Amino acid sequence: MSAIGKAEAQSLVERARRVAAVAAAHADAVDRAARFPAEAIAAMKAERLLGIAVPGRLGGESATIAEIAEVCSIVGQACSASAMIFAMHQIKMSSLTSHGEDSPWHRAFMTRCAAEQLLLGSATTEGGIGGDLRNSICAVVVEGERARLEKDATVISYGAMADAILVTSRRHPDAASSDQVMTVVVKGQYTLERTTEWDTLGMRGTCSEGFKLVAEVPAEQIFPKPFAEIAAQSMLATSHIFWSALWYGIAVDAVARAQAFVRAAARRQPSVTPPGALRLAEVSAALQTMRSAVVAGVERFEEAKANPDKLMSMGFAVAMNNLKVATSQQVLAIINHAMLICGILGYKNGTPFSLGRHLRDAHSAQLMISNDRILSNTSNLLLVQKQDTSLIG
Amino acid sequence: MDNQIRELITKHGGLSVDVATLGLDADLYDAGLSSFASVQLMLGLEDRFDIEFPETMLNRRTFASIASIRAALAQLVDASEAA
């Protein structure tokens with residue numbers, strides 16, 4: 001990395017840490033009230049983090065996957081819901097940066113995203129389809145230069161707070177359910193009617209309510225590339241990587257709390273090794289394994305981005321699926337381990353060692369794109385995919 | 001070969017349209033070929049032509065149309081006959 005590149009990366013980390021400090025201060029209140037983490041998102045906008053992925057020539061910072069993942073992890077150490085909102089925004093942004101550059105409207109919109117720090121939401125799930133984002137019931141209706149869209153979206157995370165929403169639908173009213181496109185609809189071009197509430201075990205601040213979305217937009221706001229390509233080339237990989245990064249952040253904070261607990265005990269009785277010390281060593285190994293998985297996933301994606309054949313290969317899809325399944329399980333095991341170390345002070349709310357919120361938030365990991373769905377997809381791919389037997393690749 | 005490919009697409013592809021109406025270059029994904037069905041199709045092709053698709057061919061593009069499947073098969077069948 002060049003000296004300039006490094007300086008920018010450091011400043012990005014510093015900006016993310018300032019956001020994390022704000023997010024941490026409000027995390028418990030956000031969780032308790034299941035409210036939008038307005039302070040943290042405002043801090044992200046103030047630090048101009050929402051536009052970092054936009055190419056430099058369009059007013060952004062051309063942030064790499066690794067840099068975005070680092071921000072997800074840093075904010076994840078403070079407030080899972082804020083980090084998840086940031087991650088979901090960046091997943092949508094990756095659709096624009098990977099597939100929108102050839103379209104004048106989408107290029108101009110990226111410039112606007114960077115300048116105005118727009119928060120992007122996502123409407124990919126639908127009543128009657130569930131979490132299968134590669135099928136749609138609703139269709140976009142194009143008449144001349146106008147496109148109309150109505151979607152019964154079972155989930156639009158922070159939909160009411162988003163500045164624009166990327167919506168999947170069938171390409172036209174006669175298209176097959178898997179023949180999909182994605183359309184950008186900007187605030188003012190759509191209406192949302194709330195259909196379901198978000199009162200959940202964890203990740204309470206993402207406000208992932210259901211909405212009926214009705215939009216009418218210029219047809220040029222439809223991505224020119226099929227959604228199948230967007231899903232395969234950017235969305236699935238960035239989802240699994242950014243989510244894994246923020247789950248890693250949750251795990252890091254849990255281990256930090258466990259370590260603080262053991263250290264406090266060691267200070268009280270320096271001659272006695274605290275009972276949790278051995279378990280701390282164990283959980284440190286688990287955390288390192290999780291970190292390695294996320295870093296390897298980031299590197300694999302950066303490498304595949306430069307090579308369309310690799311990006312579209314089954315081996316890559318299997319690797320990204322495996323990353324998601326593995327890290328979503330690791331985060332729970334690590335927090336559970338940390339709770340064994342912290343004991344009742346980890347179980348209780350309102351102590352410096354509380355882990356209840358971490359544990360509740362992390363339970364969403366196995367469910368958001370259900371691991372069962374991902375494993376069934378992987379098992380199908382493995383019927384034909386050839387295993388890479390090399391260690392380093 | 002085209003007829004055999006069409007027959008296997010009919011059997012495994014789960015398309016929403018009649019395979020006979022599709023041109024050689026018609027996009028099978030647009031016609032409703034899911035990623036799940038594409039794997040069933042690959043398995044069917046491997047069995048019928050007694051070949052194995054190498055990792056480099058296991059991508060979306062290879063199975064995007066009857067013509068692209070035919071081109072991939074032609075390479076593999078030639079190679080297995082030459083061996």
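Letters A, B, ... mirror the listed sequences (proteins, then strands); counts begin at 1. Values in this document were obtained by computation on a predicted structure and should not be read as measured data.
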Okay, B:Leu33 and chain A: the region with an atom under 4.5 Å from a heavy atom over there is backbone
The complete set of ring-ring contact (aromatic ring centres under 6.0 Å, His included) pairs with one or both residues in residues 373-393 of chain A, sequence neighbours excluded, reads none
For chain A and chain B, give me every donor-acceptor pair shorter than 3.5 Å, distances to one decimal.
residue: A:Asp309; atom: OD1; partner: B:Arg61; partner atom: NH1; Å: 3.2
residue: A:Asp309; atom: OD1; partner: B:Arg61; partner atom: NH2; Å: 3.0
residue: A:Met314; atom: N; partner: B:Leu58; partner atom: O; Å: 3.1
residue: A:Gly315; atom: N; partner: B:Glu55; partner atom: OE2; Å: 3.0
residue: A:Asn380; atom: OD1; partner: B:Gln40; partner atom: NE2; Å: 2.8
residue: A:Asn380; atom: ND2; partner: B:Phe36; partner atom: O; Å: 3.3
residue: A:Lys386; atom: N; partner: B:Glu55; partner atom: OE1; Å: 3.2
residue: A:Lys386; atom: NZ; partner: B:Phe53; partner atom: O; Å: 2.7

side-chain contact (heavy atoms from CB on, under 4.5 Å) against B:Ala26, all qualifying residues, sequence neighbours excluded: B:Leu22
Which heavy atom of A:Ala176 sits nearest a heavy atom of B:Gly32, and at what distance? CB-CA, 3.6 Å
Which residues pass the side-chain contact (heavy atoms from CB on, under 4.5 Å) test with A:Ala245, not counting sequence neighbours? A:Ala69, A:Cys72, A:Val294
